[in-house]
Each structure stands twice: as C-alpha cells, then as structure tokens.
Amino acid sequence: MVTSRGLWVRWSWRDLRGRWVLVTAISLVIALGAGTYAALLSTSAWRRASNDASFALLNTHDVRVRLSQGSTVAEGRLAAVVASIPSAASVLGVRERLVVPTQVSAPHDLLVPGELVGTATGTDAGVDDVWPSAGRLPGPADDGQPVVVLDRQFASANRLPATGEVVMSGGARASYVGLGQQPEYFLSSGGQAALPFLSQRSFAVVYATLATAQALTGAAGQVNDVVLTLRPVDRRDPAQRPVSQELLADQVAAELRSALAGAKPAVSAVVSTRGELPSYRVLYDDIAGDAKLWRIVALLVLAGAAFAALNLTARIVEAQRREIGIGMALGVRPAVLAVRPMLFGTQVALFGVLLGVAVGWLVAIPLKAVLVEMLPLPVWVTPFQVDVYLQASALGFCLPLVAVAWPVWRAVRVQPVEAIRVGHLAARGGGLAPLLRRLPSRGRSYRQIPLRNVLRTPRRTLLTVLGIAAAITTLVTTIGFLDTFNATLDDAQHELLRSAPERLNVSLTAVEPADGDVVRAVRALPETDTVTAGLMLPVTAGRQDRTVDLLVEVLDDAALWTPTIESGTAHGGIVLASKAAADLHVTVGDTIEVTHPQASPEGLQTARTVMTVAGIHPNPMRAFAYLDPATATAFGMSGATNYLTVTPASGTSATQVQRALLSIPAVASAQAVRTTTEGMRTGLDEFIGILQIAALVTLLLALLIAVNTTSIGMDERARDHATMLAFGLPARTIIGLAIAETALVGAAATVVGIAGGYGVLVWMAATTIPAVLPEIGVVATLSTTTVLAAFALGVVTVAAAPLFNIRRLSRMDIPSTLRVME
Amino acid sequence: MTVLPSSPVDARAGAEGTRIDLDDVCRYFEVGDTVVKALDGVNLHVDESAFVVVLGASGSGKTTLLNLVGALDAPTSGTIRLAGTDLSTASRAQRTRIRRNTVSFIFQSFNLFPGLTALENVRFGADVAGRADAADVAARVLEQVGLAGRAEHFAHQLSGGEQQRVAIARALATGNPILLADEPTGELDFRTGVAILQLLREQAEAGKTVLVVTHNREISRVADRVIELSSGHLVADGPPAGGRAAIDDLRW
C-alpha cells in the first residue's frame, strides 16, 4: 500500500542517507545556530547565580557610610552613629574602616595607583569580608603589624606570587601574606578616581586590618568609612511582611543621613546602599544589558542558520518535485505527498537539535573561561540551562520544518504534468535574466552565464544571498562592536594626549594649599619639570529628573592641557562631554544643578550650585567635565589643590617620577595619562572576549553556509556543466564560470551583510550600548579591516568554494549526468 | 511541413576529419554483481560524409556507441579512432579537444542554457570552438535554421521544435565536421521532427558526417547508411532496405 506509514518513514530515511553529507551540513548549521544561541543566553543565568553566591559568601554590606575625601573621624564615632538610629536593632554586623588612596609599589617593578582598605576586626557577623584565593588572611597576631593581603585580580593580571612585599605612599612597607577579594573590588571601579575601564592590572587594592591600615598611613585611631549588614526581613512576621530588604536598607540609609547631619559637629558623608555599590550595580546591571547584546548576537547567528537551513533544505525538496508530480499523477493526496519531505525535514531538525546540545556545550566551554577571566568572582556557578536549551531547540526544530513546508506547498500547486515533464526544471522562466538581454554583450557568450544564472532564479539567489548575508551581518556586528569601542578609545586617547602627552596626573590624599609644603615638595623633586596645581572633585549634575555623575577638573590658564571645545567656550561655566550634555538634554547656555562638595569652616559639606553649560568637549568619556577657576569658587576651595599635573624633567621617565613621588606621604597616586587610556583598552580587551567567541562561531557558520550553498549550486548546474563538457569546454573554464557566479552571489551577500551589520550596529549604538555602558558616548564605527575581512569572507571564500568541486567536475560522468538530469 | 533554409554550413575538416573507426569495441558496465555488455565486439568504419542512422531498440547500445564516438566515454576494450586520433588511449585533455573541434552534440532534451538567449546559445558553440567570427557565425546559423526572429528569446520562451533547432544551430556553429544526434526527434511532434531531419540531412549533403541515434525505424529510411544494433552487437550495416526514401514520404 503506497500510503503505508512504514513506507514513508523508510523512504524519507533513505533520502536522509542518500544525502548524508548535505544533511550533516544542514544539521551542523542548525546546531551552530541553536547551540550558540543557547550558550550565549545561558551566561545570564550563570552570572546571576554566581553574583548571588559570591556577594552572599562575603557578607556584602547593605548600607555604607563614606566620609568626604580626606576627612576622618575618631574610631568608634561612626559605629556610635549607627547604634543611635531608630532601626539599630535591624543591624546585623558593623565594621568601621579606613579606606585610603595610595600608590602601590609591588614586585616585578610595578608602581600603580591603588587603595588601602583597613577593616576593623570583630567577633560579630562579618561585613565585606575578604575571600582568600591564595595564602592566608592576617590573623589576630598580625593586627597592627605591616601584614596585608593583596588584591587577587591585580596579582593575577600581573602574575605576582601569592606572597611578597608592597610599598605604599610615604614609603610604608608591608608584607602581603596572601591574595584575596572583597565585594567592593570584584570589579575595579578605579577607586576614588572612578574612571571607567580602569584595568585590574593597573589598580592595586591592599586589604589589612584597621589597626594595620592606621599604622601604615599614620592615621592612628582614625576611620573614614563604616559598612553594615542588616538582618534578613522575616516574611512570616506580619509587621515586616510589606518590607523588603531593599526598603529596609533605604530606611536605614535615610536614618543614617539624618543622624550624620545632626551630629555635633556635623559629619559630611555619603550614605549608600548595596544597590549603589559600583561593583554590585555593574555586575547585576550588566547582566540585563549584556543579555540584550547576547540575545541580539544569538538571534543573528540563529537567523543566519535559519536562512541557510531554509535555503539548503528547500533545495533538497525542490529536487523531489518531479517525484511529487508523479505521486500527484498517481492520485496521491497532497497531504500524503507532503509526508515524505516533512518526515525528512523532521529528521534533519531532530538531528540538528541533538547536535545543537553538543555544540552548545562546546561553545559554553570558552564562554565560561572568558567569563571567569573577565569577572573573577569567588564563586562561579554554571549549570546546564535546560529552559534556554529547550527554547533554542524549539527554534532549531521548527525552522527546517518551515523550510520543507514551503517548497512542498509550491510543488503540490503545479499541474502534475508540469512537475513530471523532463524539461520542466531546465526550461523554467528566465527570472530577471531577460533584463540583461538588451545589454551589449562583450566577449564569449558563456561569460554571460554567471550573471544570467544569478538573475535567472531570483528567489533562489535571494535566499542564498540572505543566508550568507545573515552570517556576514552577524560577523560585521560582532566585530563592529570591537571597532566601535576601539574607535571610542582612540577618540578619548587622542583628546587626552593632544598636548603634554607625557604628563602625569597626581592625586593627593587630601585637599592641600596650592602653595603649601606638598606642592613645593613635588616641585622640588629633580624628576619633575612643570607642576601645576588643580582640583578634581566628584560631583553630580542634574537637570529635571536626569542626573549624571561627573569628575570635574578645575583648569586655569596655565594648565598643561585643556580640552578641545566643540561648541561654546571654556569660561563662564561648566564644560561637559557631549555624551553628558546629551544625557542631561542640555546644550550650551542651558543651566544644570551641580551637587558638589564645598569647603566650610566645619569641613567638607554637600552643596548645590546652578551652573551654566559654557561649552561641550568631544571626549567620549561622559564623566570628564571642566571648570574655570572663577566658576569653581562655588567649591570654596580657592587656593587649594588635591590634584597635580606633572611633566617629567628632561631625560626622566614617567616611572622614575612615580617612584620619586612615592616618597611624599600626601601623594595618593601618580599615573601617566597615557597609562589611563591604555588601561581602558586593556579593560575592553577582556570585555570583548565573548564577542570574539561569537565572531568565531559566526565565521564558521558563514564558511559552512558558503561551501554548502556553492556545493548545492554546483549540483543544480550539473546539467549545464555536462553540456559544456560535451562541447569541449575545459573543466577549468567551467570552474571559472562557477567561481564568477558564486563571487557575484558572495558580493551581493557581502554588500547586504555589511549594510545589515552596520545598521544593527547603529541601532545598538543608539539603544543597547547606552544602556550597557552609559558612561561612554559611542558612535557606530566599522574599520576598513572589518569591511575587508567581510569582503574576504563573503566574496573570496564564497567564490573559492567551487574549487572544492574541481575533482568532481573533471571526473564527471557526462553521459550519466545528462541522462540522470533528463 | 516546415520549410527550412537549405544553405548548410561548410565543414572545416575534410574527409580525414570525418573518419570514424571502431575496432572490436566493447563497453561493459558493472551494475551490482552483474556485468552489462552495452557494446560487445563492435566493428564500424565511417569514412564518408553521410547521413548515418544508428537504429536499435531500447538497451541495444546505440547511445553508448554515440557516447564513445563523441569522446564522452572510453571503451572497456577495443580501439576507437576519430579523425586520426585514438580515443582509446587519449588523455582527458585530448578528448576535450576532440569534443571541441571535431564532434558536436545534439541532445534529445536540447540541453540549452536557460540563462542565455537563442542567439547566445548558438554563439556558445562558436565560442567554444574558438571561432574568431563567432558573433557573425551565430547570427548566420540561427538564420539558417529559421529562427532569426527568435534570436532574443530564452529557452523557456521557445517551443520544443524551436529549442531543438537552436540546439542544432549551436552544434553547427562549432563548425565541427561530425554531428552526433541522440534521438533528436524524440520529444517533437511529427511535423517538427521531419523538419529537423531535413535540416540534419542537409548538413550531411554539405559534407558533414551526421550520426543520428534513434529507435524509430521510419527515420532510417532517409539515411545514406543504417547501422542496426541489438543487445550490444552490430547486426546490420548498409543502405536502407528498399533504398533511400524522400523525407516527404516519412510517416510515424
């Protein structure tokens, strides 16, 4: 019985085996798409689980109080403030700390800015514990001794041993007895400088007990920071049920602000919650932002695979159209005729999806490695994400079925006689080829064939072009990200190095008189040439409900470097980065409210000043802002400095200047401005690791699509090729024609792919990237190298694919091919 | 009956260029465990410009014979010489040259290039043969087969008879001395088929050797020589029984 189920299954299975090479290729395409999709989207769940576990492991603070830069209070005073608030009973653990910016000299001749974090010891629940990754933590016997722990990531990035010696500002020496991590420094925030993309390699954190930190900095009995954890909200308690942990933290923070303001004397401090902790915020916010990015990349890969699978599967079914016609002539119902190709599609889809699990597992290996390298958390949890794989598998399974259904639907619509007719396939319509009929044709007639063939079957050509273009779009988008970030950093570097490129930025531990001893000491160093004293302060700029954190530098006319003014002037107000102006929705002449520290007889306090936007500068880093001395009087720090710009004396290197500055206790850090931009680039390199994996998979996919599409194309042209051979055209000429044809398809696909990739890049630069990296103003950029690489892939690789068929063509059984094709 | 122009294309080769010699030629195919003897000890010599019909039932070996003569296939044993070249020992390149400059094919299902117009398909033949005046030759030959008015049409815009005429024109445009036609009327109606035979006959009268393979015994009536094959053996060779008939007398 023709319609027996067993027959159709056996028949479709024979189809599968008969074209096993192509079936494997299609399955691999589906597997690459589905597997990469699943692996990329699994990273979000892995990161969230790892963040939760890591922050919980180290008892990350719920609320933090940080005094204004340079100010300290007596040990115990901040703890007393915490104990005085109404919600004190909700506080689980309290730790007073002394956090001091410093310059760190480490083994391997390293000299970098960093931070010394001294935390009080106690017997109660810990807060912001240090997790030891190597060596040991200081014990009770080490309290007050120069025994510290060095940041794990800094040590790892610089390949430092687990134990050794460090020297900090003022020449304070300490032995580090282990390597460790604290939640605040899971990601380098650049410490007080708060620069984005500061590399872990160029920022050293030194962990110590409070007594040790006080001893090393000469701040005996002083603290400037307190962190506290809160008791978990008991959901079963009717009184606490409506309160979440976040609301409780906000309430405690508000009570602390009030208590600090009411203290005698008042304490100028910033109170923040865990959600405002840069490492916490970035690590969690990045998940959502990155997920958007990976979802788009994953969808692009899947789309490329989908088009390819559609194209390849459809062409296999096309080849069965005559048999479908015979079935129709024998009176088989169209629904029954569809069974065989649909079974074939199901088998291919199933094969692809199963292979996709393996591919996903393989792609996940380097992804995990990149994540662990990029985000070295104490705990990494990377379980198999069943739901994500099911989602990817569902997509990977459905696509080939759609690919089969379409040509089957087309096949059963024609009259049986048309489908059966021998010449049917060969004598189909000319597509768009007649458009070229009137064009004068030069040279030999067969040289027209490649372009005619491309235009003769526009639907098939379009599918092929879209399949390859989707892969190129993905490649261009992923590599375009790298280009965009590199171009952004180039712009930043160009701006920062436009004058005095050898200068160093020197931050002081406290605000000092501009003509005081510290500045005089720096000027007196033989290693320094020009020394200018300035101010650099963190402020918040606001306009209506929009706020932006800025790092304001006060520049006078004697400054060694001044920013490019894109519009407006450098005087009479604040100069903002174009990204900051865009985010605040302001332009030159508008006003913004700046929340800033202000010196007063009682110390530093927070003040608000309305400032006019005097100018816009082009540096893509949003945080950079500049003031002229007249406008900076609002800070109440005229004649004071916390930030020096230094140029090395003739014949002196930046490192020599740094070492010389290390001898001055008031110098917190000194860093060559060139190092800052290089640090940004290093940070970027780690960030783009995942993109590189995606790019590699895409490249593989594109090559697979190109080779398979071309291989099928050669099969479809077998009749033409056999005829050409019968007329004595050499095989090399036929291969040349095939190369020309595939090159045309490849060129069209490349143009579409590059345009598509650039379009996606522009769209993402306008939507996704600002959400992921709000601190940077990026402009979608494609480098010449990327465009050339896309052309190499899209044109050269695709065009070269027929070369794989030289042997098959030169050994073609011409009579059989002509007979089979009939 | 369709009236076709009767000014055939001159052959480029002389009598030596049309000579075909098959000596004890065998061609066996292995199909699974079975050996199929498509041709078995065939001896054949054609040394004149003529219209030769190879007649035989399905499976008699006639298409295999055509493929061997056309340098598309090699014999299992025996010798084939074509225009002085031994095809049995010829290299791949030599066989390609033979196909380019000595023989031309006309297929049952035309095998026109769907992306090229009628004129361009014809010009393909002239181009492959390396004729310097390919464009002129193509236009002239297309006119000779009565399709000057269809020059810019693509294959799918032509009838079966027109497509076969274009295929013949393509073979003629090569200028090669031997035409090999495999069931050239197989897909055509009677009237068109007769017109095609007329055209092929005229080529033989102009000095070409035309070898037509067919199972249609009626066609053999207009041949100069009829070679009959059966189960791979040559069973008859000579002029048609009862003498050569006029094309107008054909009926099938």
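Everything numeric here is computed off the predicted structure, so don't read it as measured data. Just so it is clear: chains get the letters A, B, ... in the order the sequence lines come, proteins before strands, and each one is counted from 1.
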Subject >> Any residue of residues 736-749 of chain A which, by heavy atoms, sits under 4.5 Å from chain B >> reply: none
Subject >> Whether Asn111(B) side chain and Thr723(A) backbone form a donor-acceptor pair below 3.5 Å >> reply: no
**OP:** Could you pull out all residues at least two apart from Phe344(A) that satisfy ring-ring contact (aromatic ring centres under 6.0 Å, His included)?
**Re:** none
Original post:
About how many Å separate CZ of Arg444(A) and CD of Glu120(B), when rounded to the nearest 0.5 Å?
Top reply: 15.5 Å
**OP:** Would you name the heavy atoms of Asn67(B) and Pro815(A) that are closest together and state the gap between them?
**Re:** ND2-CB, 3.2 Å
**OP:** Test Phe124(B) against Met724(A) for side chain to side chain contact (heavy atoms under 4.5 Å, CB included), laying out the working first.
**Re:** CA-CA 9 Å; Phe124(B) 171 85; Met724(A) 290 177 189; 3.8 Å; yes
Subject >> With Thr96(B) via side chain to side chain donor-acceptor pair (under 3.5 Å) - residues at least two apart >> reply: none
Subject >> Residues in ring-ring contact (aromatic ring centres under 6.0 Å, His included) contact with Phe190(B), at least two apart in sequence or another chain >> reply: Trp252(B)
Original post:
Does a side chain donor of either Arg719(A) or Ser109(B) reach within less than 3.5 Å of an acceptor in the other side chain?
Top reply: yes
Subject >> Trace of the side chain to side chain contact (heavy atoms under 4.5 Å, CB included) decision for Arg452(A) with Leu116(B) >> reply: CA-CA 7 Å; Arg452(A) 298 292 178 86; Leu116(B) 298 183; 4.1 Å; yes
Subject >> Which portion of Met812(A) sits near chain B, non-hydrogen atoms under 4.5 angstrom >> reply: neither
**OP:** Look at Arg92(B), Arg99(B), Arg95(B), Arg170(B) and state which one has the largest set of heavy-atom pairs under 4.5 Å with chain A.
**Re:** Arg99(B)
Original post:
Looking at CG of Asp127(B) and OG1 of Thr733(A), how far apart are the two atoms once the value is rounded to the nearest 0.5 Å?
Top reply: 11.5 Å
**OP:** Mind listing the closest non-hydrogen atom pair of Phe113(B) and Asp720(A) along with its distance?
**Re:** CE2-O, 3.5 Å
Subject >> Contact class of Arg811(A) relative to chain B, heavy atoms under 4.5 angstrom >> reply: both
Original post:
If you round to the nearest 0.5 Å, how far is CD1 of Ile814(A) from CG of Asp73(B)?
Top reply: 9.0 Å
Subject >> Gap between atom CG of Leu119(B) and atom OG of Ser445(A) - 0.5 Å precision >> reply: 9.0 Å
**OP:** Write down the atom of Phe105(B), the atom of Phe727(A), and the distance for their closest heavy-atom approach.
**Re:** O-CZ, 3.5 Å
